[in-house]
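Presented below is the structure to which this report refers.
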Amino acid sequence: MPQTDSPRLVVATSNKGKLREIRELLEPTGWTALSLADVIAPAGVIETGRSYLENAVAKAVSVANVTGLPALADDSGLEVDALDGRPGVTSARYGGPLLSDAGRCAHLLQDLRAVPRARRRARFRAVVVLALPGGQRFVREGVLEGRITEVERGSNGFGYDPVFEIHDGRTLAEIGEEKQQLSHRSQALRAMMKVLGELHEHDGTRRAH
Ligand code: IMP
């Protein structure tokens with residue numbers, strides 16, 4: 001449970017995996033991360049933005065406005081060079097809204113069936129936004145370079161992990177826990193943790209004087 005004297009923020013996600021990851025990263029900064037379920041949750045934000053930034057800002061700002069607390073939100077996607085950067089911001093809906101993660105991976109492999117290995121470069125991108133109730137915003141980004149495989153490999157992770165190969169040839173679905181060290185999202189979150197650490201320090205300094 002939250003410590004009473006530590007500053008609090010709300011993580012604007014309903015994804016339990018993301019919440020757990022963010023809480024782990026936040027521990028050394030002195031901030032306590034509340035989930036949407038801990039506060040009066042606003043109606044879910046529909047991701048209609050044309051960019052990761054627009055979507056992440058919309059989520060973070062709406063939660064900060066409703067709760068009066070700092071709010072952290074992220075948006076991410078997969079960019080495939082041979083598809084001119086698609087599916088990008090629409091990664092979660094690629095191939096239609098009814099497809100499962102496995103269905104989307106199969107759909108991607110099918111779209112790339114004629115593309116040779118040398119032209120299967122891709123990257124995951126994540127944008128993390130911290131919105132303060134006073135209107136201030138901080139943005140951090142993370143990128144993970146790789147390539148799309150010819151067949152799915154591995155059973156860990158989610159989304160496109162089984163078809164995304166990193167520099168050493170393993171897919172994100174094959175590397176397990178190691179993903180937390182190198183993923184696009186953890187890079188962006190780690191950069192944001194520095195901001196939160198500085199805000200906390202600044203706040204503590206103010207209170208001490
Ligand atoms: P969102 O940031 O939760 O909106 O995620 C967008 C979509 O991008 C997800 O539904 C996944 O399809 C894909 N995606 C984002 N990050 C990852 C990842 O780390 N592994 C696999 N797929 C991802």
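First listed ligand is number 1; within each ligand, the first listed atom is number 1.
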Which option out of Ala73, Ser76, Ser91 puts a heavy atom nearest to atom 5 (O) of ligand 1? Ser76

List every atom of ligand 1 that sits less than 4.0 Å from any heavy atom of Lys179, numbering the atoms from 1 in the order shown and giving each element. 18 (C), 19 (O), 20 (N)

Below 4.0 Å from any atom of ligand 1, is there a heavy atom belonging to Gly77? yes

Atom pair CZ/CD1 of Phe124 and Ile166 - distance to nearest 0.5 Å: 11.5 Å

Is it true that Asp75 lies under 4.0 Å from ligand 1, counting heavy atoms only? yes

May I ask you to check if ligand 1 and Arg185 share an N or O to N or O distance below 3.5 Å? yes

Let me see the working for Leu72 and Leu189 under side chain to side chain contact (heavy atoms under 4.5 Å, CB included), right down to the final yes or no. CA-CA 10 Å; Leu72 195 64; Leu189 284 168; 4.3 Å; yes

N/O separation below 3.5 Å, Asp74 to ligand 1: no

Ligand-side contact atoms (ligand 1) for residue partner Gly159, heavy atom cut-off under 4.0 Å: 21 (C), 22 (N)

Of Leu53, Val57, Val89, Asn55, which is the lone residue that meets side-chain contact (heavy atoms from CB on, under 4.5 Å) with Val127? Leu53

Heavy atoms only, cut-off 4.0 Å: how does Phe158 contact ligand 1, side chain, backbone, both, or neither? both

Could you note down all residue pairs passing salt bridge (charged side-chain N to carboxylate O under 4.0 Å, His left out) where residues 185-197 supplies at least one of them, sequence neighbours left out? Asp74-Arg185

Regarding ligand 1, does Tyr160 bring an N or O atom to under 3.5 Å of one of the ligand's N or O atoms? yes

Would you say Leu172 contacts ligand 1, with heavy atoms under 4.0 Å as the rule? no

Same cluster (ILVMFWY, side-chain, under 4.5 Å), Ile148 and Leu99: no

Is Glu27 atom CD crowded by more than 12 heavy atoms from other residues, nucleotides or ligands, each under 6.0 Å away? no

OG1 of Thr29 to CG of Leu9: how many Å apart, nearest 0.5 Å? 7.5 Å

